[in-house]
**Student:** 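I am attaching a structure below and will ask some questions about it afterwards.
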Protein chains: 2
Amino acid sequence: MTAAERDEHRDEHRGPDRDASRPDSNVVPLGRDTPAEGADANRPGGGRGRRRPTAAADKRATVTLKDVATAVGVSQSAASMALADHPRISEATKEAVRAASARLGYVPNSAGRALRAGRSTSIAVVVPQTGQHVFGHPYFMHLLVGVTAEANARDAALVVSTNPDESHGVAAYERVLRSQAAAGAIVASASISDPNVNRMVDAALPVVLVGRFVHLPHAASVGIDEVAGAAAIARHLVQDHGLTRIAHISGPLNHQTAVDRYEGFRTALAESGRQCTHTLAVGDFSEESGMLAARQVLDSMSDVQAIFAANDEMAYGAMLEIRSRGLRIPEDIALAGYDDFGVSRLTTPGITTIHVPAEALGRQAAAILFDLVDGTTPDPVHTVLPFELVIRESCGSHTA
Amino acid sequence: MTAAERDEHRDEHRGPDRDASRPDSNVVPLGRDTPAEGADANRPGGGRGRRRPTAAADKRATVTLKDVATAVGVSQSAASMALADHPRISEATKEAVRAASARLGYVPNSAGRALRAGRSTSIAVVVPQTGQHVFGHPYFMHLLVGVTAEANARDAALVVSTNPDESHGVAAYERVLRSQAAAGAIVASASISDPNVNRMVDAALPVVLVGRFVHLPHAASVGIDEVAGAAAIARHLVQDHGLTRIAHISGPLNHQTAVDRYEGFRTALAESGRQCTHTLAVGDFSEESGMLAARQVLDSMSDVQAIFAANDEMAYGAMLEIRSRGLRIPEDIALAGYDDFGVSRLTTPGITTIHVPAEALGRQAAAILFDLVDGTTPDPVHTVLPFELVIRESCGSHTA
DNA sequence: GCGATCTGCTCTAACGATTCAGCACTTCGG
DNA sequence: CCGAAGTGCTGAATCGTTAGAGCAGATCGC
């Protein structure tokens, strides 16, 4: 339960007991499609009780290439070559095969194809830390949007794997690669020490890392310059707002991202030419930890002028703590975050942050992975995408 | 660009080596390797950087069952049966095979296995509407968390498919099933009219729908009672707060969810025993549309006492519009939303809403799908999970 | 002592797609 | 008019896995 949820009233409503109260109704048209509402059958809790044995299952006959070939009257190989647009197949045959294929609804069996080809058409997205806390983060959603866009463009399926449990000495997501269920993987947000990722890279499996992995300098990666992003925030606070007593709430320091953001912050302060003081509190990227860290900061550094949290969620946690002490943002304390996945936009005041182009990262990672699978080494090995400094009200800037 | 983003200053920081259209800027190297291409790199085909042919690729030798068998000195079938714990294989041989398998890092080839078995072990999650707007919604994130949890528990891979484009007369996500890349699919958030979903159901493919599909009464589904949820909100506003002039901002009315929520709202008002007035504005579940709809409502119904938006994002948009007119929430106008995926918790004041148990829905849908794939018809066909009314400050309630 | 049963394995045939060698047959150059 | 090249297809092999038939050798019942 997060901080904000603690003081809410919650009424639980259980499902299917309310069937009585449903008067016949009509839907206001407003120029839209009017749904056919009559069918009561799909009513929740409706058809309860009976149990039919599965009969329909037999119906789904799979159409194979052989069926198509037979329908046309050519050999299976001819059909295959026709669909592949092989030059040694006559146009007439190709046309006939295509027609039959469409008519019968032929879809090539991916297992057969993958087996023959020696590799799958799918790619995997791997999120090593399991648990809602990490996987449920909007970052992945955005990343996924980018990856799917690219995968769709190439007619490739996308496998999502999150399970680091080792079944037979191999993490589940490595098994996805080794079993050839996916031709390659995009690895997001591994902690610095995750040995599984190293193993995949060492095994020369096609892997693209999202983020910076200092101990894997030769693996292809996509990321933004986190250090520069944090530095941009720091400079904004110091130079644009003249704040010199600043606290940083970092993420867990076994995450490269957390380390980089902290480093960018410190470096920028040091290079600012001003006399700056700073302090550090370590969080875990959760809202709750941001709140705790802010408490610690406010207790120990009474004259703090600004707090820069390593992500927006912690910044939001800090905002709650700051408010609970009757302090105003930005008048009494300025606040900044990092990520810009939505949270920072919704708060009042909006939180100044670095916009991380997660979708573009996903797209790019996928593009590179496809190249890698095709046997091309990306150049450069590490792709760096631009970020944006998004200035909102929490730092004291005035926006229209 | 959403409403809230409109009035922000954004500084873009790009990687070095930009195209001319953007101002040059500073990306600090700080120990990074080669930096990168920016927007240009997003185009996979565009004649960009050089590429070295991969050499490492040859290294990854795949271990097959034959290798294991040879290592042990038995036939391939014996090895297969040993791993399957077949009773006709001696314990000694089984042990030897298991040992060799672990030592060599054998992972069964999923294509081979799927081909032989006639079906894949993976399941698919299908999100018919493509585009970030829908797919990027936190709802899917939560749903996915639930589905992966269940899939992980069964050692099944998860395929995510979003592409409704018909490549050869078949939507991409139907192809996932037909190609046997996945044994079955969970379909989330299809619009009422999506013919592809119908086709999959008609073809007796193993499909579990999330939500209510009135026109597909026999397909297995999982959902909550949306009508009852909306009714709970309406009753709270009318009975607990005595509000009688209420506007509803609905989602697009070709979405069953939008229709159901609207209906629950109207029905509850009608049955409240009070003299209620209501009005409707149609949005599209986006924050921006919520803002527009609120504008419309406030212009046309000057004495409106409450606005109930069909989801939290539109409620947030409405909040922005209400505020921009100098009205207070909840003193001047009460506000309620639906979904509780986080947005409503972060705003000030927090938005009263219905908590949709998306993760549980995902879990349940996956469980049912696995049964379906195994040939069991679920009973009941339509599973309804409980929701919660979450009372926050936006409706005028006071929370501790 | 000898058929019957059991044990522990091997052999073979699929699953569906692709590819390559090869086979008829035509066309063509000289 | 004959070898060479070109055209359009077929047949067979292959990818990795698994299931079922079958086959030696040991064990057992009587």
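No hydrogens, no waters, no symmetry mates; every other heavy atom, side chains included, goes into these values.
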**Student:** For the helix from C:dG1-D:dC30 to C:dG30-D:dC1, how many degrees between its two end axes (five pairs per end), to the nearest 10°?
**Tutor:** 50°
**Student:** Any donor and acceptor pair, going by atom type alone, linking the side chain of B:Asp67 with main-chain N or O of B:Thr64 inside 3.5 Å?
**Tutor:**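 Checking the backbone N and O of B:Thr64 against the side chain of B:Asp67, a donor-acceptor pair under 3.5 Å is found.
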**Student:** Hey, does the side chain of A:Thr93 reach the backbone of A:Ile89 with a donor-acceptor pair shorter than 3.5 angstrom?
**Tutor:**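 Checking the backbone N and O of A:Ile89 against the side chain of A:Thr93, no donor-acceptor pair under 3.5 Å is found.
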**Student:** Return the value, rounded to whole Å, for the distance between atom CZ of B:Arg119 and atom P of D:dT17.
**Tutor:** 19 Å
**Student:** Strictly under 4.0 angstrom, non-hydrogen atoms only: write out the protein contact profile of nucleotides 13-19 of chain C, one letter per nucleotide from the 5' end, B, S or -.
**Tutor:** BBBBBBB
**Student:** Going by heavy atoms in the side chains, are B:Leu216 and B:Asn198 under 4.5 Å from each other?
**Tutor:**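 Side chain of B:Leu216 against side chain of B:Asn198, heavy atoms only: contact under 4.5 Å found.
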**Student:** Kindly say whether B:Val159 contributes a backbone atom to a donor-acceptor pair with the side chain of B:Ser122 at under 3.5 angstrom?
**Tutor:** no
**Student:** Looking at D:dG8, I'd like to know if its phosphate oxygens (OP1 or OP2) sit under 4.0 Å from a side-chain N or O belonging to A:Thr93.
**Tutor:**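 Answer no for this pair, as no side-chain N or O of A:Thr93 is under 4.0 Å from OP1 or OP2.
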**Student:** Quick one, A:Leu369 and A:Pro206 - any side-chain contact, counting heavy atoms below 4.5 Å?
**Tutor:** yes
**Student:** Do side-chain atoms of A:Ser80 reach the backbone of A:Gln76 as a donor and acceptor pair under 3.5 angstrom?
**Tutor:**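 Checked: no pair found.
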**Student:** Using nucleotides 23-25 of chain C, report all nitrogen or oxygen pairs with the protein that are shorter than 3.5 Å.
**Tutor:**
none

**Student:** Any side-chain to backbone donor/acceptor pair from B:Thr162 onto B:Val127? Under 3.5 Å, distance only.
**Tutor:** no
**Student:** So B:Val222 and B:Leu209, do their side chains get closer than 4.5 Å, heavy atoms only?
**Tutor:** no
**Student:** Do side-chain atoms of B:Lys94 reach the backbone of B:Ala79 as a donor and acceptor pair under 3.5 angstrom?
**Tutor:**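 No, because the side chain of B:Lys94 does not come within donor-acceptor range (under 3.5 Å) of the backbone of B:Ala79.
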**Student:** Hey, is A:Glu359 close enough to A:Arg363 for a salt bridge, meaning N to O under 4.0 Å?
**Tutor:**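 Salt bridge: no.
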**Student:** Using whole Å, report how far NE2 of B:His86 lies from C1' of D:dT17.
**Tutor:** 15 Å
